[in-house]
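A short write-up of the structure that comes next.
The structure presented is a predicted model; accordingly, all values stated were derived computationally and were not measured. So you know, we letter chains A, B, ... as the sequences are listed, proteins then strands, and number each from 1.
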Protein chains: 2
Amino acid sequence: MPGEQRNAPRTRREVIEAAARALITHGPAVSLDAVAKEAGVSKGGLLHHFRSKQALIVGLIDEWFEHYDATVARLLEPEDTPGRWTRAHIRATFEPAGLWSHPSVVTALLGVPELQQRLDVAATRWRQQTDSDGLHPQRADLISRALDGVTLADLLWRDQETSEERAQTRDLLLKLTEQTGPVV
Amino acid sequence: MPGEQRNAPRTRREVIEAAARALITHGPAVSLDAVAKEAGVSKGGLLHHFRSKQALIVGLIDEWFEHYDATVARLLEPEDTPGRWTRAHIRATFEPAGLWSHPSVVTALLGVPELQQRLDVAATRWRQQTDSDGLHPQRADLISRALDGVTLADLLWRDQETSEERAQTRDLLLKLTEQTGPVV
DNA sequence: AGTAACGTACCGTCCAGACGGTCGGTTAGG
DNA sequence: CCTAACCGACCGTCTGGACGGTACGTTACT
């Protein structure tokens with residue numbers, strides 16, 4: 001069975017996903033033991049791929065950013081109209097949340113210093129995408145903040161909101177990208 | 001010296017503030033020892049006021065909500081005009097951040113299960129305040145999300161934003177409360 | 001008023017257990 | 001046969017919190 005054979009990148013990915021699952025079930029302070037068990041690998045094997053617990057969490061962070069950027073790219077409209085980057089970010093934010101956007105996972109990520117640097121890099125990239133997007137800066141800023149708020153609400157008030165309310169918020173934000181002047 | 005004498009509520013408050021300071025300096029996983037030292041109390045004394053580490057964090061959470069609500073009340077306009085509750089929340093969100101809104105502190109709070117319940121209660125209260133505030137629901141929702149986003153940005157991108165940009169965002173949100181129809 | 005009795009605030013020590021990480025060994029692949 | 005993937009036992013450290021004790025404040029009774 002070829003899938004069972006040794007395969008470093010595959011094992012790496014499986015460990016990362018197992019870490020996310022273990023974080024959700026065991027809380028933000030999971031032991032490496034629990035993660036290893038969840039991944040079907042020994043603790044030594046886990047530490048072969050990630051030299052420390054921090055390294056493992058950083059792996060999770062990188063995976064998360066990769067996934068988000070891929071989602072934005074996938075949702076980008078082909079025609080080059082004003083606000084297309086912003087709209088892609090809006091759609092990406094409202095995509096069904098994966099394993100990553102769970103409170104326990106986020107808590108674990110927050111505990112690691114490297115997060116700040118990755119966030120800065122990502123923020124700069126995202127800002128570049130939306131800055132030359134043809135929207136009024138004030139408008140772009142309002143939408144960005146609202147998107148951050150949606151993300152936070154997903155974390156803090158899960159399932160407090162119906163899918164209709166969600167869709168309404170998304171449509172409002174999308175509509176806001178169809179005008180280019182100042183909001184007020 | 002009367003201030004030095006035994007005084008349970010005073011000690012309790014001092015321990016809570018010390019916990020916040022210790023969280024900031026020692027990170028989200030401070031030991032009770034460190035908190036006790038910071039508060040100028042023995043570990044045994046600390047555990048007399050808070051029966052467990054969780055109980056201490058819950059104390060922090062309650063203090064935080066109390067403080068926020070007091071701030072909103074302080075910033076409430078006397079005249080009963082449409083959008084006054086929303087404006088108070090906007091001003092409260094943009095108040096200079098205290099000890100509480102530090103990443104390490106928030107990370108610690110996120111780790112405790114009781115947070116969810118307190119958040120639900122607070123969210124309901126805040127929703128009641130803004131629901132009968134005379135603004136169009138869509139408008140109120142947009143502003144709420146943007147405020148959440150500002151809070152998140154404070155945590156993740158501290159000092160990435162100039163005070164002018166901050167003020168502009170605040171003024172935009174305040175202006176949005178001065179119309180009562182739908183946004184688009 | 002004096003004091004005994006009692007409850008509460010606070011102290012300092014101790015320990016069981018958990019956890020991160022190391023290391024020598026073993027197996028598979030090229 | 002050599003390197004990389006992987007195992008599993010082991011160790012040193014740290015921490016939460018239990019516990020037995022002390023000192024202070026307050027009430028009750030004389």
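If you take CG of B:Leu32 and P of C:dC14, they are 19 Å apart, rounded to a whole angstrom. Rounded to an integer number of Å, the gap from CZ of A:Phe50 to P of C:dC19 is 20 Å. With rounding to whole Å, B:Asp33 atom CG is found 17 Å from C:dC15 atom P. Rounded to a whole Å, the CZ atom of B:Arg51 is 13 Å from the P atom of C:dA9. If you measure from atom CZ of B:Arg12 to atom C1' of C:dT8, you get 15 Å, rounded to the nearest angstrom.
Contacts with DNA chain C (heavy atom under 4.0 Å) in residues 40-49 of chain B: B:Val41, B:Ser42, B:Gly44, B:Gly45, B:His48, B:His49, listed by number. Across residues 18-30 of chain B, not one residue has a non-hydrogen atom less than 4.0 Å from an atom of DNA chain C.
Residue A:Arg158 comes nearest to A:Ser101 through the heavy atom pair NH2-O, 3.0 Å, listed as atom of the first residue, atom of the second, then distance. Between A:Leu156 and B:Gln116, the shortest heavy-atom contact is O-NE2, 2.9 Å.
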Walk me through it: do B:His89 and B:Gln129 pass the test side-chain hydrogen bond (donor to acceptor under 3.5 Å, both in side chains)? CA-CA 10 Å; B:His89 277 280; B:Gln129 291 176 354; 2.8 Å; yes

Could you please spell out the steps behind the side-chain contact (heavy atoms from CB on, under 4.5 Å) verdict for B:Leu23 and B:His102? CA-CA 9 Å; B:Leu23 275 169; B:His102 188 281; over 6 Å; no

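Between B:Glu95 and B:Arg91, none of the side-chain N atoms (NZ, or NE/NH1/NH2) sits under 4.0 Å from a carboxylate O, so this pair counts as no salt bridge. The pair B:Glu66-B:Arg13 does not count as a salt bridge, with every side-chain nitrogen at least 4.0 angstrom from each carboxylate oxygen. Checked for salt-bridge contact, B:Arg139 and B:Asp133 miss the test: no charged N lies under 4.0 Å from a carboxylate O.
Expressed to the nearest 0.5 Å, how far CD1 of A:Ile143 lies from OG1 of A:Thr130 amounts to 9.5 Å.
For D:dC6, the OP1/OP2 oxygens have a side-chain nitrogen or oxygen of A:Thr11 closer than 4.0 Å.
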